[in-house]
Q: 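Below you'll find the structure I mean.
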Amino acid sequence: MPKKARRFVTSPEFQASQNVIPTYELGGYVRLSVDQHDKKTDSIENQKDVIRQFVLRNNESPDRKMVFSEPKFYEDKGMSGTNFDRLGFEHLMDDIKKGKINCVICKDFSRFGRDFLDSVKYIEQILPMYQVRFISISDHFDSMGDDADTRRFEMRLKNLINDMYAKDISKKISDSKRISQLKGSFVGSRCPYGYKAEWQNRVRVLIPDEEAAEIVKYIFRTYYNGMTIRDIQQELFDKKVLRPKEYLQTGHVYQQEGDPLFLWRRMTIMDMLRNIVYSGSMAQGKSEQRLYEDRKDREFIPEKEWIVKHDTHEALIPIEIFQEVSDRVNRGKNQKIVKSAKERGKKERKNAKYENIFSDVMYCGDCQKKLGATFYQGRIEDIRKYRYCCRGYYLKDSRKCIKKSITEEKLIEILRLIVRETLKECHIKEKDLVKKNQEAATEILESFRAELAELNKREGECEGKIEDAYFQFKGKDIEVGDYYTVQRKMTVCIEKYNDQKKEIMRKMSQVKREVERQNKFLRSLLKASGREKFDKLLVNELVDSIYLYSDERICINLKFKGGDLYAGR
């Protein structure tokens, strides 16, 4: 094959030196926060208009120093700015990495992000690494402007203020929610199925949603009379009752023309039968996100700490029936948990192998969903032998798929053959695979090192708090009892962090051993003598996806040159 000609793109600086006005491929980023204090002027359309007007003024100016393309917008609606885990922002970064965008523009810093450290990291490190310009219109900031260095401190200060503002609002919202919960006011964004909410005397009260409430009563009544959850699922499907998800989307309890009809999920019915809200009481505060304490992840609260208020609204189910029904559901669930715990508690033999190596890459070629796995575990060798099948076959609605399955042994046999043949055809050597495998292991080890660094940082903070408490005690600012309280609390945290570090070190040693074993396997892969089996890490590095079709075709997409590979069975 003839080699492709290399394409070189001159940098904006070089173009400027040649009296050529550089053109930028523009990515406009807009975000509407979950923060209820956002102004109307910060709406998505308003932000887009501000960016369009800025681009138009710049491009029509005779003194312009650059030309912008029509902005391609990336948006996140209802997303917090306190982290960068946002779909629209991720699409923007993907296009930046592909070279499609070389200038990012937003209305102001707060739309870009409200986390100080992460915002500054993107503006000062990550975007410049990709040679991407960053412009904040309202803040008059241009990362490649003539005054960029002098305005850098101002940029950091504004991002720090945005960070502090987000945490302050988070604290106020959390306190406000808790006060409302203590009053028995419903604070959720979605009402429980069978209810709607309205304000009464400054309290948000749940009131029955008549048609949906009848479905709730039917589910409780039939389960109370002895019907199984599986039977209830089928009855609801036969009566064409829409699931809560479709009910929210359409407003229809029963299927109407054009409405999708799906079988109710088992867990949806179980959760409903155990939800105290249907007995007229309200349990809230089950999870919490405390941005003001730098805790960005939502944490689940122990049940004993929930805020429970009784007789807050009209009950759909008498308390006696609800108690009997919920106890019956919980007994069934607990029996499964105990059984599962006993299975996990079985003594594992030295050579036991339980790894499901294809779990991340197996898909159904017909419905595109992930394949489920069942296994048979031998009593002698204690090795699980997996079989992959499409669970869509067992559905009763329009999502029902065609029956299909394949064993793990057959997959390994086909994959080994195809990988070997593809490597030979593409003239890929063992050392190329070893290098790729080594890079993957290095990436994993780096993530472990980052975790260790974070734990060391937290440990240092604990030690600092002990030291501060000691000096406060010496300065007679606190009592000796307060000092020992801080010391005990921080010592417990330090011990916990040390245990976590030991576990990470153990995992790092395991990865190093595994990568050596894998490298030996990869060197023997092209040889007929290669007998060792694939493992999960190796499969994920070699294979992008595997699709199983009803006509017994298997499509294996490898991560290296070779394209879509088909194999018959």
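No hydrogens, no waters, no symmetry mates; every other heavy atom, side chains included, goes into these values.
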Q: Using the test side chain to side chain donor-acceptor pair (under 3.5 Å), find all partners of S279 that sit at least two apart in sequence or belong to another chain.
A: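 For S279, no residue satisfies side chain to side chain donor-acceptor pair (under 3.5 Å) once neighbours in sequence are set aside.
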
Q: Counting N and O atoms only, with roles assigned by atom type, does the side chain of N330 sit under 3.5 Å from a partner on the main chain of S326, one being a donor and the other an acceptor?
A: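 Here the side-chain-to-backbone pair exists.
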
Q: In chain order, what residues pass the side chain to side chain donor-acceptor pair (under 3.5 Å) check against H91, with sequence neighbours excluded?
A: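 By the side chain to side chain donor-acceptor pair (under 3.5 Å) rule, H91 matches no residue at all.
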
Q: Are any of the side-chain heavy atoms of I96 and K100 separated by less than 4.5 Å?
A: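 I96 does not reach K100 side chain to side chain.
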
Q: With a cut-off of 3.5 Å and sequence neighbours excluded, list every side-chain donor-acceptor pair involving residues 496-509.
A:
residue, atom, partner, partner atom, Å
N498, ND2, I494, O, 3.3
K501, NZ, N456, OD1, 2.9
K501, NZ, E459, OE1, 2.7
E503, OE1, R506, NE, 3.3
E503, OE2, R506, NE, 3.4
E503, OE2, R506, NH2, 2.7
S509, OG, M505, O, 3.1

Q: Working to the nearest 0.5 Å, report the span between CZ of R31 and OG of S110.
A: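 Those atoms lie 6.5 Å apart.
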
Q: With side chains defined as the heavy atoms from C-beta onward, is the minimum distance between Y74 and F89 less than 4.5 Å?
A: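 SC-SC contact between Y74 and F89 ruled out.
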
Q: Q47 vs R111, test: side chain to side chain contact (heavy atoms under 4.5 Å, CB included). Steps then yes/no.
A: CA-CA 9 Å; Q47 293 176 56; R111 296 304 95 199; 3.3 Å; yes

Q: Do V543 and F358 have side-chain heavy atoms sitting under 4.5 Å apart?
A: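 The answer is no, as the side chains (C-beta and beyond) never meet within the 4.5 Å cut-off.
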
Q: Can you confirm if the aromatic rings of F134 and Y122 lie within a centre distance of less than 6.0 Å?
A: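 Between F134 and Y122, which both carry aromatic rings, the centre distance is not below 6.0 Å.
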
Q: Under the side chain to side chain contact (heavy atoms under 4.5 Å, CB included) criterion, do V361 and V539 qualify, and how do the steps go?
A: CA-CA 8 Å; V361 298; V539 167; 4.1 Å; yes

Q: Can you name the residues that form a side chain to side chain donor-acceptor pair (under 3.5 Å) with R458, not counting sequence neighbours?
A: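 If we apply the side chain to side chain donor-acceptor pair (under 3.5 Å) test to R458, skipping adjacent residues, the hits are E454.
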
Q: Would you say the ring centroid of F109 lies under 6.0 angstrom from that of F141?
A: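 Here the rings of F141 and F109 have centres that are less than 6.0 Å from each other.
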
Q: With rounding to the nearest 0.5 Å, note down the distance linking CD1 in I357 to OH in Y386.
A: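 So the CD1 of I357 and the OH of Y386 are separated by 10.0 Å.
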
Q: Is L32 close to E75 at the side-chain level, that is, under 4.5 Å between some pair of heavy atoms?
A: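 The answer is no; the side chains never approach within 4.5 Å.
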
Q: Compare all side-chain heavy atoms of M66 with those of N58 and state whether any distance is below 4.5 angstrom.
A: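 The answer is yes; the side chains approach within 4.5 Å.
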
Q: What verdict does the ring-ring contact (aromatic ring centres under 6.0 Å, His included) test give for Y195 and F186, after you've listed the backbone C-alpha separation in whole Å, the side-chain angles of each residue and the deciding distance to 0.1 Å?
A: CA-CA 11 Å; Y195 283 106; F186 178 71; 9.0 Å; no

Q: State, to 0.1 Å, how close R274 and V329 come at their nearest heavy-atom pair, and which atoms those are.
A: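 Smallest heavy-atom distance, with atoms named: CD-CG1, 3.4 Å.
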
Q: Which pair of heavy atoms, one from H313 and one from S281, lies closest together, and at what distance?
A: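 Of all heavy-atom pairs spanning H313 and S281, the closest is CE1-O, 3.3 Å.
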
Q: At what distance, to the nearest 0.5 angstrom, does NZ of K512 lie from CG of L445?
A: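 Those atoms lie 6.0 Å apart.
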
Q: Restricting to ring-ring contact (aromatic ring centres under 6.0 Å, His included), what partner residues turn up for Y193, sequence neighbours left out?
A: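 Checked Y193 against ring-ring contact (aromatic ring centres under 6.0 Å, His included); matches are Y247, W264.
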
Q: Going by side chain to side chain contact (heavy atoms under 4.5 Å, CB included), name the residues that satisfy it together with R488, two or more places apart in sequence or in a different chain.
A: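 If we apply the side chain to side chain contact (heavy atoms under 4.5 Å, CB included) test to R488, skipping adjacent residues, the hits are Y484, T485.
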
Q: Quick one: CD on E324 to CZ on R328, what's the gap to the nearest 0.5 Å?
A: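 So the gap between those two atoms works out to 8.5 Å.
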
Q: Are M282 and V308 packed together at the side-chain level, in the sense that at least one heavy-atom pair is separated by less than 4.5 angstrom?
A: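 The answer is no, as the side chains (C-beta and beyond) never meet within the 4.5 Å cut-off.
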
Q: After noting the C-alpha distance and the side-chain angles of I207 and E314, does the key distance pass the side chain to side chain contact (heavy atoms under 4.5 Å, CB included) rule?
A: CA-CA 7 Å; I207 59 174; E314 183 181 336; over 6 Å; no

Q: Establish, for the pair K369 and Y363, whether the NZ or CZ atom is under 6.0 angstrom from the six-membered ring centre and no further than 45 degrees off its axis.
A: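 Judged by the rule, K369 and Y363 form no cation-pi pair.
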
Q: Please report the interatomic distance CD1(I466) to CZ(F471), rounded to the nearest 0.5 Å.
A: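 It comes to 12.5 Å.
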
Q: Of all the heavy-atom pairs spanning L316 and G194, show the shortest one and how long it is.
A: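 Nearest heavy atoms, L316 then G194: CD1-O, 4.1 Å.
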
Q: Of all residues at least two apart in sequence or in a different chain, which pass the side chain to side chain contact (heavy atoms under 4.5 Å, CB included) check with A315?
A: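 Here no residue qualifies.
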
Q: Counting C-beta onward and ignoring hydrogens, is there a side-chain heavy-atom pair between Q284 and V187 closer than 4.5 Å?
A: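 Yes; the side chains approach each other to less than 4.5 Å.
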
Q: Which pair of heavy atoms, one from I51 and one from C106, lies closest together, and at what distance?
A: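 Smallest interatomic distance, heavy atoms only, reads CD1-CA, 4.1 Å.
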
Q: Under a plain distance cut-off of 3.5 Å, with no hydrogens placed, do R133 and Y24 share a side-chain donor-acceptor pair?
A: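 Yes, because at least one side-chain N or O of Y24 sits under 3.5 Å from a partner of the opposite role on R133.
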
Q: Around E461, counting heavy atoms of other residues, nucleotides and ligands shown, do more than 12 lie under 6.0 Å from its CD?
A: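 Above 12, so yes.
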
Q: For N275, give me all partners under side chain to side chain contact (heavy atoms under 4.5 Å, CB included), at least two apart in sequence or on another chain.
A: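 Per chain and number, N275 pairs via side chain to side chain contact (heavy atoms under 4.5 Å, CB included) with V277, Y278.
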
Q: For D95, give me all partners under salt bridge (charged side-chain N to carboxylate O under 4.0 Å, His left out), at least two apart in sequence or on another chain.
A: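 For D95 the salt bridge (charged side-chain N to carboxylate O under 4.0 Å, His left out) partners, ignoring immediate neighbours, are K72.
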
Q: For the residue pair Q53 and I137, establish whether any side-chain heavy-atom pair is separated by less than 4.5 Å.
A: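 SC-SC contact between Q53 and I137 ruled out.
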
Q: Which pair of non-hydrogen atoms, one from G27 and one from L92, has the smallest distance, and what is that distance?
A: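 What the structure gives for the nearest pair is CA-CD1, 4.5 Å.
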
Q: Among side-chain atoms of D76 and Y29, is any donor-acceptor pair under 3.5 angstrom?
A: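 Note: D76 and Y29 side chains meet the donor-acceptor criterion.
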
Q: For F322, enumerate each residue passing the ring-ring contact (aromatic ring centres under 6.0 Å, His included) test, keeping only those at least two apart in sequence or located in another chain.
A: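 Partners of F322 by the ring-ring contact (aromatic ring centres under 6.0 Å, His included) criterion come out as none, since no residue qualifies.
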
Q: Going by atom types alone, do E198 and Q200 pair a side-chain donor with an acceptor below 3.5 Å?
A: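 Yes, side-chain donor-acceptor contact under 3.5 Å.
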
Q: Roughly how far, to the nearest 0.5 Å, is OG of S138 from CZ of F54?
A: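 The OG atom of S138 is 10.0 Å from CZ of F54, to the nearest 0.5 Å.
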
Q: Can you name the nearest heavy-atom pair linking G113 to R86, along with the distance?
A: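 What the structure gives for the nearest pair is CA-NH2, 3.6 Å.
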
Q: According to side chain to side chain contact (heavy atoms under 4.5 Å, CB included), who are the partners of V203, at least two apart in sequence or on a separate chain?
A: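 Residues passing side chain to side chain contact (heavy atoms under 4.5 Å, CB included) with V203: S185, V205.
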
Q: Return yes when atom CD of E446 has more than 12 non-hydrogen atoms of other residues, nucleotides or ligands closer than 6.0 Å, and no otherwise.
A: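 More than 12 heavy atoms, drawn from other residues, nucleotides or ligands, come within 6.0 Å of this atom.
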
Q: May I have the step-by-step check of side chain to side chain contact (heavy atoms under 4.5 Å, CB included) for K196 and L206, ending in yes or no?
A: CA-CA 6 Å; K196 53 187 177 181; L206 294 176; over 6 Å; no

Q: Partners of R52 by side chain to side chain donor-acceptor pair (under 3.5 Å), sequence neighbours excluded?
A: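 Listed in chain order: D49.
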
